[in-house]
Protein chains: 4
Amino acid sequence: MAETAARGRPRSETARRAVLDAALRLCQRDGYQALTIKGIAHAAGVGRQTVYRWWPTKEAVLLEALRDLVHRQGARLAPDTGDTLADVRTLLDTTFRLARELTGHALVGLMAQAQHDGQLSARLQGTVIGPRRAALRDVLARGVRRGELSDEEVPLDLAADFAFGTMWYRLISQHAPVDDDLAARLSLALWRLLSPGGPHQAERCAAP
Amino acid sequence: MAETAARGRPRSETARRAVLDAALRLCQRDGYQALTIKGIAHAAGVGRQTVYRWWPTKEAVLLEALRDLVHRQGARLAPDTGDTLADVRTLLDTTFRLARELTGHALVGLMAQAQHDGQLSARLQGTVIGPRRAALRDVLARGVRRGELSDEEVPLDLAADFAFGTMWYRLISQHAPVDDDLAARLSLALWRLLSPGGPHQAERCAAP
Amino acid sequence: MAETAARGRPRSETARRAVLDAALRLCQRDGYQALTIKGIAHAAGVGRQTVYRWWPTKEAVLLEALRDLVHRQGARLAPDTGDTLADVRTLLDTTFRLARELTGHALVGLMAQAQHDGQLSARLQGTVIGPRRAALRDVLARGVRRGELSDEEVPLDLAADFAFGTMWYRLISQHAPVDDDLAARLSLALWRLLSPGGPHQAERCAAP
Amino acid sequence: MAETAARGRPRSETARRAVLDAALRLCQRDGYQALTIKGIAHAAGVGRQTVYRWWPTKEAVLLEALRDLVHRQGARLAPDTGDTLADVRTLLDTTFRLARELTGHALVGLMAQAQHDGQLSARLQGTVIGPRRAALRDVLARGVRRGELSDEEVPLDLAADFAFGTMWYRLISQHAPVDDDLAARLSLALWRLLSPGGPHQAERCAAP
DNA sequence: TCCTAAGCGAGACGGTACGTCGTGTCTTCTG
DNA sequence: CAGAAGACACGACGTACCGTCTCGCTTAGGA
């Protein structure tokens, strides 16, 4: 195979992980604006140039930290248990917990930055936003195929907007928590919204 | 009354307006992160100290600019035309247009900053988020009072989260536009979601 | 007259003097190579930008420091006491003391830097080297006019090279001191070298 | 004999020469201050570590380069042709040419550095300054032994200072060239200065 | 009509993070 | 083992903006 021969000292995985961890930790502790390449390097016990060698901006550092986090979780985003409602709720639960506990500030900060950075925006889409969105769509589409749901009245994309939109809205506005209860309520509301015959059938499953 | 006698040169309204306008304009053009007190002052043709004299941070400048903008519009947020669906759509239309055209970047940036600034968060709630939210709730509550809608299955607060959540989600994620079509679709979806007897009645009004 | 109106906060003379003093002091203490804009600013209790605002390089700082020093001395370089030999010796004494005590390292460092910087070279000529050279030439020329000396055998310029060349040679090579004794010996040697009739007349004045 | 057995790959003479040549060339081209270990290694097509393995500083590199140069010339510094004046002139000529063409910038830079580095200063003395100085003294001393010159009025050391001091002075100050004409004038001036009976005898030999 | 006070523009002040570059050390593979 | 390649921790470079501080000049109300 055409693997380029590795020459010179190999990249330090230790330094890489120290930088990513420090970046997420500092961002969550002090906020996105206060996050600094200098601060990251210092907290990671790493030279400033080592950060610049591998990442062009603090956004790139955070993005890779998030991607690593997701990969490390390796979570099955859309398991098929046969119970569409439960699958939706599980997916939302998982997503909410991640956003709530680890990555909230980083994500909001990155999003703000992405307003004027098309490339960052695209990478956020591909790495974080898109997969979650696709997973929810898949789960809902399974419900449609089984005849439990219908996308005629309300397109599935709009339904996905509802779910994740509510999460983001609460993350940034902080007028209400992003917790398990929200996941439950959202699942039911989506069920009701997409019920083919009307909202009555949504009652087959009581709210907690 | 205990009015302090005005002494010395009075504050220049010209400078104040120049600062607020420049702040919004620069923020929308270059992004929140690139917005700078120095840049604002320069673009407004104003000394830097004049900005610092009246606003402690660039956040305060943007916040006042947004408040001024809303006041200047003086728009009736929740007019009662008797047609609940139309009122919802009008409210969303107005809100979307404002966010899309003028204040999107500023709002997202402020929200990101508010993640770690409780005071800013509270002021954003009171000035921007809260009133819109309350207005939508009012319109929906009128529908409930008229018997057109029901808040038994889905609470009105969650419905409001759906509407504005979708807006925010699309503003930051940019996977779909925030336009009139979205307002129409959202209005219908809310109607269907809150219909007392089921989604069938939502069909009284065809999508465009 | 067309003096431009001074606007804004006026330059701080305190900061200016602190920078110049710190530069000379640090250069003499740690050497030219170890001299750093950062170090100068720190030692002067001044922001780094304040140095960069007024001087483009550390060379410019040192040059102005030297010029200030010379101006502050305001010394009459070439006093005319009527005794040519004494005048020569006084001039060399003054020059040697200055170089030995305050400016030696700075001067040598600047000269090294001037090897590749024509502008710096020219300014050193005009500010430091040239005036001393001219002063010595003047004193010797007075001796020629009085008939005590002659420039027929050895041009006065070469004689000046002898005197200051020896100083520089010893400054950089450090094989022998640049002290009062050198000034005395040099004066006598110049006298002998330029004596019109021969070196015998130089004996009118005994060596110390 | 106690020669340590050479083990492993022997030192590459090619690399050594490449480093020394690159150092001298870069120093003369860009100046002493701009000379960099990294730059030397790159220009020599050599790894940085290879430089650090054999030389502690760029000064050491330059010093060895100069020493090599002198050895390669292998020039007889003080040939005895029987004509003292001619010998002086030859010595100065040789010295001036070397300084002018190849090593000027390196020498001045090293001298500046040696202001605060006693060890470097000593090595410069031993390698470059001292031998030339001693050679000139020897030639002059021969003249004294022959009765052509006298060191009673002016010590030979001071005469040597005159010659080399003038060279250095012109090298760093650049107010006049260091050329063959200077060698001729200097030789005559030294002759005159050291003439036992007076300057008249110096006229036995006309200036060019 | 001056006097006093405060706002205004301008811009220098002491700081700090930026992104780049060179330092001297280290760790890999190749010859 | 030497050598090339290059990553590592470190720190100075010169720039930009921070928030504060003086300046000279309005621009008002009160004497």
Side-chain angles (χ1 to χ4, degrees), chain A residues 5-16 34-42 44-54 56-58, chain B residues 5-16 34-42 44-54 56-58, chain C residues 5-16 18 34-42 44-54 56-58, chain D residues 6-12 14-16 18 34-42 44-54 56-58:
Chain A
R7 304 263 284 166
R9 182 175 177 172
R11 177 174 182 181
S12 160
E13 179 64 16
T14 306
R16 181 178 162 274
L35 187 64
T36 276
I37 298 264
K38 186 173 194 171
I40 294 173
H42 181 75
V46 143
R48 219 141 37 92
Q49 188 57 48
T50 297
V51 181
Y52 284 114
R53 193 175 355 253
W54 301 109
T57 58
K58 67 176 179 179
Chain B
R7 300 259 288 165
R9 182 175 177 174
R11 176 174 182 181
S12 159
E13 179 63 16
T14 305
R16 180 179 164 274
L35 187 65
T36 277
I37 297 264
K38 187 173 193 171
I40 295 173
H42 181 76
V46 143
R48 218 139 38 92
Q49 190 58 45
T50 298
V51 182
Y52 284 112
R53 200 182 340 260
W54 303 108
T57 59
K58 69 175 178 180
Chain C
R7 303 263 282 168
R9 181 173 176 174
R11 177 173 182 181
S12 160
E13 179 64 17
T14 305
R16 179 178 164 275
L35 188 64
T36 277
I37 297 266
K38 187 173 194 171
I40 295 173
H42 181 75
V46 144
R48 216 140 42 91
Q49 188 58 48
T50 298
V51 181
Y52 285 114
R53 189 174 299 121
W54 301 109
T57 58
K58 67 176 179 180
Chain D
R7 300 255 290 158
R9 182 172 175 176
R11 177 173 182 182
S12 158
T14 306
R16 179 177 163 276
L35 187 65
T36 276
I37 297 265
K38 187 173 193 171
I40 294 173
H42 181 75
V46 142
R48 218 135 43 87
Q49 191 57 45
T50 299
V51 181
Y52 284 114
R53 198 178 346 256
W54 302 108
T57 59
K58 68 175 180 180

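Atom set for the values below is all heavy atoms of this structure, side chains included, hydrogens, waters and symmetry mates excluded. Since this is a predicted model, take the numbers as computed values, not measurements. Chain A is the first sequence line, chain B the second, and so forth, proteins listed ahead of strands; every chain is numbered from 1.
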B/S/- along nucleotides 17-22 of chain E (protein heavy atoms under 4.0 Å) is BSBBBS

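Among residues two or more places apart in sequence or in another chain, the side-chain contact (heavy atoms from CB on, under 4.5 Å) test is passed with D:R53 by D:Q49, D:T50. When the side-chain contact (heavy atoms from CB on, under 4.5 Å) test is applied to B:T14, the partners found at least two apart in sequence or on another chain are B:S12. Looking at residues two or more places apart in sequence or on another chain, you find a side-chain hydrogen bond (donor to acceptor under 3.5 Å, both in side chains) between D:R16 and D:E13, D:E64, D:D68. Listed by chain and number, the residues in a side-chain hydrogen bond (donor to acceptor under 3.5 Å, both in side chains) with B:T57 are B:E59 (sequence neighbours excluded).
A residue-by-residue look at A:R11 and D:V46 shows that D:V46 has its nearest nucleotide of DNA chain F further toward the 5' end.
Comparing the helix axis at one end of the helix from E:dT1-F:dA31 to E:dG31-F:dC1 with that at the other, each defined from 5 consecutive pairs, gives an inter-axis angle of 0° (nearest 10°).
Look at CD on C:E13: it is 17 Å from P on F:dT22, rounded to the nearest Å. Here the C1' atom of nucleotide E:dT23 and the CD1 atom of D:I40 are 13 Å apart, to the nearest Å.
For C:T50, a side-chain nitrogen or oxygen approaches OP1 or OP2 of E:dG14 to under 4.0 Å.
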Could you list, one pair per line, each protein nitrogen or oxygen that sits under 3.5 Å from a nitrogen or oxygen of nucleotides 4-6 of chain E, together with the distance?
{"from": "E:dA6", "atom 1": "N3", "to": "B:R9", "atom 2": "N", "distance (Å)": "3.4"}

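B:I37 approaches B:K58 most closely through the heavy-atom pair CD1-N, 3.8 Å.
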